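The structure under discussion appears below in the form of structure tokens.
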Number of protein chains: 2
Amino acid sequence: MARTTGSHSDITGPRIREVALDLFARRGFAAVSMRQIASGVGVQAGALYNYTPDKQSLLFGLMREHMEELLAARAAREVPDDPLAELEDFTRFHIAHHLERPDAVFISYMELRNLSPENFGLIETLRRAYEDQLEEILKRGVAVGVFDVPDTKIATLALIAMLTGVSTWYRPAGRLSVQQVETIYWDMVRKAVATA
Amino acid sequence: MARTTGSHSDITGPRIREVALDLFARRGFAAVSMRQIASGVGVQAGALYNYTPDKQSLLFGLMREHMEELLAARAAREVPDDPLAELEDFTRFHIAHHLERPDAVFISYMELRNLSPENFGLIETLRRAYEDQLEEILKRGVAVGVFDVPDTKIATLALIAMLTGVSTWYRPAGRLSVQQVETIYWDMVRKAVATA
DNA sequence: GTTTTTTCTGAACGTACGTTCAGATAACCT
DNA sequence: AGGTTATCTGAACGTACGTTCAGAAAAAAC
């Protein structure tokens, strides 16, 4: 046997990333073998190496893709002018975006330690760029007196942790819609940074 | 060779758990081998099986120990009577307790998927018991009109996620003491659930 | 229809894994 | 001092891992 009928890199490539994302999210990077990924795609393990130089690069590619998609989606948004509306927009965007791709969210903060130092640094830079956008909103709000937070850096990390946490419990079949979840969280975010 | 001079289960047993906790936290359960743990202890891999029936039980033991310690530390506390003071106590307790054992915190919510279904269920029950304590505080506060949260279940998960998040960034050598961090977070928690 | 390129197979490489166990030595007990 | 128990070694088991690569077949180009 050799090349199989119907084989195309345009199909196999995305399929590998799809299967890998699913398996990495469900069982963890270290617990998933190249043979398991290949089996999910319907191919032999050796074929994967036409698409990635090694296993870790496959993980890194998925993470980078996720972070760049996050930043692009955020950049494509039209943001309001006053800090309060900006914060609401950020809150709702973050929740909706993260709930749409739970697997990518999961691996992007669970599998960081499986990255080489260089790759880790690249992902952290992207993450930092995203978090800085939230901190800038908080800083502007504090500057004009509409927010009251003792430490914008820590508030940023606290809010991000709270918002990202929805991924751990939200289920589409549950009792709440994404919009309802957004509203509940926005209520808490708004009050948490409000002037006393 | 055989039994080594100075060998004692009272020393080796805790040492194994200590090394395993450290390695699991730093590299992840699946990426750590029994031989690496043994090497850290200064023993051959076979010796570990005098202390655990298998690798997964070692992980489970660490997690159960962590959750039971958390519940015991909480139960040993004298809690105030009014919901606001109770919430402050919970907030400060949670942060301080978690910052004192970052490795155990880390593995206890990162390595859940490496547990068998039964063991997973046991840990989840303990975790649920802890989270329920926070939810009860919120419910009481809502009942007496001192808190305003649209959904106590979600508020509980949101607050826990926010508070537990400190472990991801806090470093003892950093610019803030634990008490300062407690206070900053308590400020946000208090406002987030306050009546509007 | 022929040649070139793309894609995959299947076997192999060396290494590492979790776990078991017979046997050996140290520690403890009387 | 001698017997018993606790603890560890060292080797072995079968299995799985990530990765490489020559060769074969399908697809694309001409």
Side-chain angles (χ1 to χ4, degrees), chain A residues 1-24 26-63 107 111 113-116 118-119, chain B residues 1-24 26-63 107 111 113-116 118-119:
Chain A
M1 291 234 192
R3 180 169 186 174
T4 54
T5 77
S7 59
H8 267 289
S9 60
D10 290 348
I11 294 174
T12 306
R15 188 95 186 88
I16 288 172
R17 286 192 287 278
E18 190 184 337
V19 171
L21 183 68
D22 180 71
L23 288 178
F24 288 164
R26 187 142 20 262
R27 307 191 229 213
F29 174 76
V32 171
S33 73
M34 295 299 266
R35 283 173 178 82
Q36 286 169 352
I37 297 170
S39 163
V41 175
V43 100
Q44 296 298 314
L48 302 184
Y49 291 84
N50 291 327
Y51 301 90
T52 181
D54 51 45
K55 192 188 175 191
Q56 196 221 125
S57 299
L58 184 52
L59 174 64
F60 173 65
L62 292 172
M63 288 188 176
I107 70 162
E111 306 293 357
R113 62 184 159 200
N114 290 300
L115 259 27
S116 69
E118 306 94 294
N119 286 345
Chain B
M1 293 231 192
R3 180 166 186 173
T4 54
T5 78
S7 59
H8 268 290
S9 59
D10 289 349
I11 295 173
T12 307
R15 188 94 186 87
I16 288 172
R17 286 192 287 278
E18 190 185 335
V19 171
L21 183 68
D22 180 70
L23 288 177
F24 288 165
R26 187 145 17 262
R27 304 192 239 231
F29 174 76
V32 172
S33 73
M34 294 300 266
R35 283 173 179 83
Q36 286 169 352
I37 297 169
S39 164
V41 176
V43 100
Q44 294 299 313
L48 302 184
Y49 290 85
N50 292 326
Y51 301 90
T52 181
D54 51 44
K55 191 187 175 191
Q56 196 221 126
S57 299
L58 184 54
L59 174 65
F60 173 66
L62 293 171
M63 287 188 177
I107 71 162
E111 304 294 358
R113 61 184 160 198
N114 289 301
L115 260 27
S116 69
E118 306 94 293
N119 286 345

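Please read all numbers here as calculations on a predicted model, not as lab measurements. Just so it is clear: chains get the letters A, B, ... in the order the sequence lines come, proteins before strands, and each one is counted from 1.
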Starting at [atom1] of [X] and ending at [atom2] of [N], how long is that distance when rounded to a whole Å?
X	N	atom1	atom2	result
A:Arg35	D:dT20	CZ	C1'	12 Å
B:Asn114	C:dC17	CG	P	16 Å
B:Arg27	C:dC17	CZ	P	11 Å
B:Phe24	C:dG18	CZ	C1'	12 Å

Is the shortest side-chain N/O distance from [X] to OP1 or OP2 of [N] below 4.0 Å?
X	N	result
B:Thr12	D:dC8	yes
B:Ser9	D:dT7	yes
B:Ser33	C:dC17	yes

Closest non-hydrogen atom pair between A:Pro14 and A:Ser9, with its separation: CD-O, 3.7 Å

Please report the shortest heavy-atom distance between B:Asp54 and B:Ser57, naming the atom on each side. OD1-OG, 2.8 Å

Heavy atoms within less than 4.0 Å of DNA chain D: which residues of residues 36-46 of chain B have one? Give them sorted by number.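 By residue number: B:Val43, B:Gln44, B:Gly46.
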
Could you check which residues of residues 48-60 of chain B get a heavy atom under 4.0 Å from DNA chain D? Sort them by number, please. B:Asn50, B:Tyr51

List in chain and number order the residues that pass side chain to side chain contact (heavy atoms under 4.5 Å, CB included) with B:Phe60, two or more places apart in sequence or in another chain; answer none if no residue qualifies.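 For B:Phe60, the residues satisfying side chain to side chain contact (heavy atoms under 4.5 Å, CB included) (neighbours in sequence not counted) are B:Arg64, B:Leu115, B:Asn119, B:Leu122, B:Ile123.
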
Side chain to side chain contact (heavy atoms under 4.5 Å, CB included) involving B:Asn50 - partner list, sequence neighbours excluded: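 Here no residue qualifies.
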
Can you pull every protein N or O that's under 3.5 Å from an N or O on nucleotides 28-30 of chain C?
| residue | atom | partner | partner atom | Å |
| --- | --- | --- | --- | --- |
| C:dC28 | OP1 | B:His8 | NE2 | 3.1 |

If the test is side-chain contact (heavy atoms from CB on, under 4.5 Å), which one of A:Leu23, A:Asn114, A:Leu62 qualifies with A:Ile107?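 Between A:Ile107 and the candidates, side-chain contact (heavy atoms from CB on, under 4.5 Å) is satisfied uniquely by A:Leu62.
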
How long is the straight-line distance from OG1 of B:Thr12 back to CZ of B:Arg17, given to the nearest 0.5 Å?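 The OG1 atom of B:Thr12 is 10.5 Å from CZ of B:Arg17, to the nearest 0.5 Å.
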
So how far is it from A:Ile16 CD1 to A:Leu21 CG, rounded to the nearest 0.5 Å?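 Separation between the atoms: 13.5 Å.
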
Could you check B:Thr5 against B:Ala30 and say which one's nearest nucleotide on DNA chain C is further toward the 5' end? B:Ala30

First encountered from the 5' end of DNA chain C, between B:Gly6 and B:Ala47: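 Final value for this comparison: B:Ala47.
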
Using distance only, find each side-chain donor-acceptor pair of residues 26-48 of chain B under 3.5 Å and give its atom names and separation, not counting sequence neighbours.
| residue | atom | partner | partner atom | Å |
| --- | --- | --- | --- | --- |
| B:Arg26 | NH2 | B:Asp22 | OD1 | 2.2 |
| B:Arg26 | NH2 | B:Asp22 | OD2 | 2.8 |
| B:Ser33 | OG | B:Arg35 | N | 3.4 |
| B:Ser33 | OG | B:Gln36 | N | 3.1 |
| B:Gln36 | OE1 | B:Ser33 | N | 3.1 |

